[in-house]
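What follows is a short report on a single structure.
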Amino acid sequence: PKSALKAFWIEALRHGLERDHPSRVGAFDNAKIELAYYGDISNAFLSRRWGHAPHDDLVDRRVSLENLKRLRKTQFNKSSYRRLPGYNPWMEGLADAFSGPLNYIGLSEPLIERIAPDMREYWDSCIYGSSIRARLTEPLVKALKTDVEICVIGHSMGSIVAFDVLWKLSHMSEYRDKPWNRKIDLW
């Protein structure tokens, strides 16, 4: 799945550039792209928890990407996004409306545990969280030792992981005296 997922994400990002910023496609094609993949760690945890492997959603992602590819720049908007497979307005609405009150009465954590147990495990387990962060930390530290431009892209839990890794690299003592003196170019 890592190689298939990486090819899929590159195709999706490239298509978005072709549609919205065609002059940038050449730079994208020449960039070294590395996927900080932790799906194997997450899937192993979820398999143990549920007693079966998680659903492989590459088919749903493929259908969504093919639908997106049909849209011109002027057609890509919230309305067209909401018509994609997998979009669930009820879940987003419920999360927006009830996150504050649920947190106030102490029910937000049980809800996260039920809906996104891998995210809850990321917060609660040092070993699990560290294993996931290592998947981004190692290639990022390697890139920071060079003079190449660095762009970090994260989505959903990947955004949380990226924030945590960037915070760690800028605040933790084991990284404070490292030979790089630079920032990420784009996040």
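Every heavy atom of this structure was used, including side-chain atoms; hydrogens, water molecules and symmetry mates were not.
- Annotation: His155, atom NE2; neighbour count of heavy atoms from other residues, nucleotides and ligands within 6.0 Å does not exceed 12.
- Taking every heavy atom of both residues into account, Ala4 and Leu58 meet most closely at CB-CD1, 4.1 Å.
- With hydrophobic clusters built from ILVMFWY side chains whose heavy atoms lie under 4.5 angstrom apart, Val152 shares a cluster with Val141.
- The line from CZ of Arg19 to CG of Leu68 is 7.0 Å long, rounded to the nearest 0.5 Å.
- Between the NZ atom of Lys183 and the CG atom of Leu144 there is a distance of 13.0 Å, given to the nearest 0.5 Å.
- In the hydrophobic clustering of this structure, Leu35 does not group with Phe28; members are Ile, Leu, Val, Met, Phe, Trp, Tyr whose side-chain heavy atoms approach within less than 4.5 Å, directly or through other members.
- Atom CG in Leu186 sits 7.5 Å away from atom CD1 in Ile153 (nearest 0.5 Å).
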### Query
Can you list the steps and then say if Ser170 with Leu166 is a side-chain contact (heavy atoms from CB on, under 4.5 Å)?
CA-CA 6 Å; Ser170 61; Leu166 293 173; 5.9 Å; no
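- Salt-bridge check for Arg62 with Glu66: passed, with a basic side-chain N closer than 4.0 Å to an acidic carboxylate O.
- With hydrogens and angles ignored, the 3.5 Å screen pairs no side-chain donor or acceptor of Ser130 with any backbone N or O of Ile127.
- Leu13 CG to Phe8 CZ: the interatomic distance, rounded to the nearest 0.5 Å, is 9.5 Å.
- When the shell of 6.0 Å around NZ of Lys69 is examined, it contains more than 12 heavy atoms from other residues, nucleotides or ligands.
- Looking only at atom types and distance, the side chain of Arg133 has a donor-acceptor partner in the side chain of Tyr122 under 3.5 Å away.
- For the residue pair Arg135 / Ser131, no side-chain donor-acceptor distance below 3.5 Å is found, with atom types taken as modelled.
- The side-chain contact (heavy atoms from CB on, under 4.5 Å) test with Asn67 singles out one residue from Leu71, Leu65, Val63, and that residue is Val63.
- Ala53 approaches Ser47 most closely through the heavy-atom pair CA-OG, 3.3 Å.
- The main-chain N or O of Cys151 is never found under 3.5 Å from a side-chain atom of Asp185 such that the two would form a donor-acceptor pair.
- The existence of a salt bridge linking Arg61 and Glu11 is excluded, since no basic side-chain nitrogen approaches an acidic carboxylate oxygen closer than 4.0 Å.
- Using modelled atom types, no side-chain atom of Ser125 and backbone atom of Glu121 make a donor-acceptor pair closer than 3.5 Å.
- Minimum interatomic distance between Ala134 and Pro139 (heavy atoms only, all atoms of both residues): O-CD, 4.2 Å.
- Residues Met119 and Ile41 are members of one and the same hydrophobic cluster, defined by side-chain heavy-atom contacts under 4.5 angstrom among Ile, Leu, Val, Met, Phe, Trp and Tyr.
- Side-chain heavy atoms closer than 4.5 Å link hydrophobic residues (I, L, V, M, F, W, Y) into clusters, and following such links, possibly through other members, connects Ile132 to Leu140.
- Under the 3.5 Å distance criterion, the side-chain polar atoms of Lys6 are left unmatched by any main-chain donor or acceptor of Tyr37.
- Linking Ile, Leu, Val, Met, Phe, Trp and Tyr residues whenever their side-chain heavy atoms come within less than 4.5 Å places Ile150 and Trp187 in a single cluster.
- Once rounded to the nearest 0.5 Å, the distance linking OH of Tyr175 with CH2 of Trp167 reads 12.0 Å.
- Taken to the nearest 0.5 Å, the CD1 atom of Ile10 stands 10.0 Å off from the CG atom of Leu5.
- Within a 6.0 Å sphere centred on CZ of Arg72, heavy atoms belonging to other residues, nucleotides or ligands number 12 at most.
- Surrounding CD of Glu149 are at most 12 heavy atoms belonging to other residues, nucleotides or ligands under 6.0 Å away.
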### Task
Assess whether side-chain contact (heavy atoms from CB on, under 4.5 Å) is satisfied between Asp164 and Leu136, documenting all intermediate values.
CA-CA 10 Å; Asp164 288 349; Leu136 177 58; over 6 Å; no
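- The number of heavy-atom neighbours closer than 6.0 Å to CZ of Arg49, taken from other residues, nucleotides and ligands shown, is above 12.
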